[in-house]
Amino acid sequence: MEFLISFLVISIVGTLLHFVYEWSNHNKIVSLFAAVNESTWEHIKIALTPMFLWGLYDGYVYGFSPNYFLAKSISLLAVIIIIPLLFYGYKLITKKSILIIDIMIFYIAIASSIGVFYYLIKNLNCTFIYSYIGAILLFIIFSLYLLLTIMPLKNELFLDPITKKYGLDSKR
């Protein structure tokens, strides 16, 4: 039941974040958390945002577990890896983007990430050093999550396929 509730909340919030930047009239603060264009990075970001927010809940429930920070960090990395891997993987075969597959990838990545988190939180036996590494990794992921919207790298992951621009410069 916990998995399903996590999946529904994160999926609904993530889906709404696809539109919030437009609804906010291109607010710069909103741009840190919502999709600003159609790049692969922005789709990763709208999965990460609700996962970070959900971290307030799961941090309350599991935060005292020595497994928490490592489980949370690895689950976030799962999204960062799964979305581009599946997206660019199927595009190698089809040579084009297919909306329904793109949408399914988003939800598969979220479900996989949540599954990884619950598996690790219940099955790891972390020592202090691994918990500490997990906390540092979580800080790095969150920092890059914010930084890469402001200063996107100039590569395929950050390129808006519609405007052929990067980050906030690609406003529609």
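With rounding to the nearest 0.5 Å, the separation of OH in Tyr166 from CG in Asp160 is 10.5 Å. Between atom CD1 of residue Ile81 and atom CG of residue Leu76 there is a gap of 11.0 Å, rounded to the nearest 0.5 Å. One distance of note links CG of Asp102 with NE2 of His43; it measures 7.0 Å at 0.5 Å rounding. Note that CD1 of Ile80 and CG of Leu85 are 13.5 Å apart. Values are rounded to the nearest 0.5 Å.
A pairwise comparison of heavy atoms in Gly134 and Ser73 identifies O-OG, 2.7 Å as the closest pair. Residues Leu157 and Ser39 share a closest heavy-atom pair of O-CB, 3.7 Å. The shortest non-hydrogen separation linking Ala111 to Phe3 is O-CE1, 3.4 Å. Considering every non-hydrogen atom in both Ser31 and Val36, the closest pair reads CB-CG1, 3.4 Å. Shortest non-hydrogen contact noted between Ala35 and Ile46 is N-CG2, 3.4 Å. In plain terms, the two heavy atoms of His18 and Glu38 that are nearest each other are CE1-OE2, 3.0 Å.
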Side chain to side chain contact (heavy atoms under 4.5 Å, CB included) between Ile103 and Phe106, worked out: CA-CA 5 Å; Ile103 292 168; Phe106 179 75; 5.6 Å; no
Let's go through Thr163 and Asn37 carefully: what are the C-alpha distance in whole Å and the side-chain angles of both, what is the deciding distance for side chain to side chain contact (heavy atoms under 4.5 Å, CB included) to 0.1 Å, and is it a yes or a no? CA-CA 9 Å; Thr163 65; Asn37 63 45; 5.7 Å; no
Evaluation steps, side chain to side chain contact (heavy atoms under 4.5 Å, CB included), between Leu32 and Ile150: CA-CA 8 Å; Leu32 294 172; Ile150 298 165; 3.8 Å; yes
Could you walk me through whether Leu168 and Lys28 pass the side chain to side chain contact (heavy atoms under 4.5 Å, CB included) check? CA-CA 9 Å; Leu168 295 171; Lys28 296 269 191 217; 4.3 Å; yes
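Annotation: side chain to side chain contact (heavy atoms under 4.5 Å, CB included) contacts of Ser24 (sequence neighbours excluded): Tyr21, Asn27, Val30. Residues satisfying the side chain to side chain contact (heavy atoms under 4.5 Å, CB included) criterion with Ser113, sequence neighbours excluded, are Met51, Ser75, Ala78, Val79. Listed by chain and residue number, Lys72 satisfy the salt bridge (charged side-chain N to carboxylate O under 4.0 Å, His left out) test with Asp58 (two or more places apart in sequence, or in another chain). For the side chain to side chain contact (heavy atoms under 4.5 Å, CB included) test, residues two or more places apart in sequence or in another chain that qualify with Ile100 are Ile98, Met104.
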Which donor-acceptor pairs under 3.5 Å do side chains of residues 5-12 form with protein atoms, sequence neighbours excluded?
| unit_1 | atom_1 | unit_2 | atom_2 | d |
| --- | --- | --- | --- | --- |
| Ser6 | OG | Glu2 | O | 2.9 |
| Ser6 | OG | Trp54 | NE1 | 3.2 |
| Ser6 | OG | Tyr118 | OH | 2.7 |
| Ser11 | OG | Phe7 | O | 2.7 |

Acceptor/donor pairs from residues 140-147 side chains to any protein atom, 3.5 angstrom cut, sequence neighbours excluded:
| unit_1 | atom_1 | unit_2 | atom_2 | d |
| --- | --- | --- | --- | --- |
| Ser143 | OG | Phe139 | O | 2.9 |
| Tyr145 | OH | Thr49 | OG1 | 2.6 |

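A continuous path of ILVMFWY side-chain contacts below 4.5 Å connects Ile136 to Phe69, so both sit in one hydrophobic cluster. Under the 4.5 Å side-chain heavy-atom criterion for ILVMFWY residues, a single connected hydrophobic cluster contains both Tyr60 and Leu138. No continuous path of hydrophobic side-chain contacts links Ile93 to Tyr88 [ILVMFWY only; heavy atoms under 4.5 Å]. Taking hydrophobic clusters as Ile, Leu, Val, Met, Phe, Trp and Tyr residues chained together by side-chain heavy-atom distances below 4.5 Å, Phe64 does not share a cluster with Leu56.
Aromatic ring pairs are classed by plane angle as parallel below 30°, tilted from 30° to 60° and perpendicular above 60°; the pair Phe117 and Tyr68 is perpendicular.
The hydrophobic cluster containing Leu53, built from Ile/Leu/Val/Met/Phe/Trp/Tyr side-chain heavy atoms closer than 4.5 Å, comprises no other residue. Hydrophobic side-chain contacts under 4.5 Å tie Leu92 to no other Ile, Leu, Val, Met, Phe, Trp or Tyr residue. Annotation for Tyr130: hydrophobic cluster partners, listed by chain and number, are Leu70, Ile74, Val116, Tyr119, Leu120, Leu124, Ile129, Ile133 (ILVMFWY side-chain heavy atoms under 4.5 Å, direct or chained).
Residue pairs meeting the salt bridge (charged side-chain N to carboxylate O under 4.0 Å, His left out) criterion with at least one member in residues 132-158, sequence neighbours excluded, do not occur. Applying the salt bridge (charged side-chain N to carboxylate O under 4.0 Å, His left out) definition to pairs two or more places apart or across chains, none involves residues 130-147. Within the structure, salt bridge (charged side-chain N to carboxylate O under 4.0 Å, His left out) contacts touching residues 44-55 (residues at least two apart or in different chains) are Glu42-Lys45.
At least one donor-acceptor pair under 3.5 Å links the side chain of Asn67 to the backbone N or O of Cys126.
More than 12 heavy atoms of other shown residues, nucleotides or ligands fall within 6.0 angstrom of atom CG in Asn123. Within a 6.0 Å radius of CD1 in Ile29, no more than 12 heavy atoms belonging to other residues, nucleotides or ligands are found.
Counting only heavy atoms from C-beta outward, the side chains of Met151 and Phe158 never approach each other to under 4.5 Å. The shortest side-chain heavy-atom distance between Trp41 and Leu153 does not fall under the 4.5 Å cut-off.
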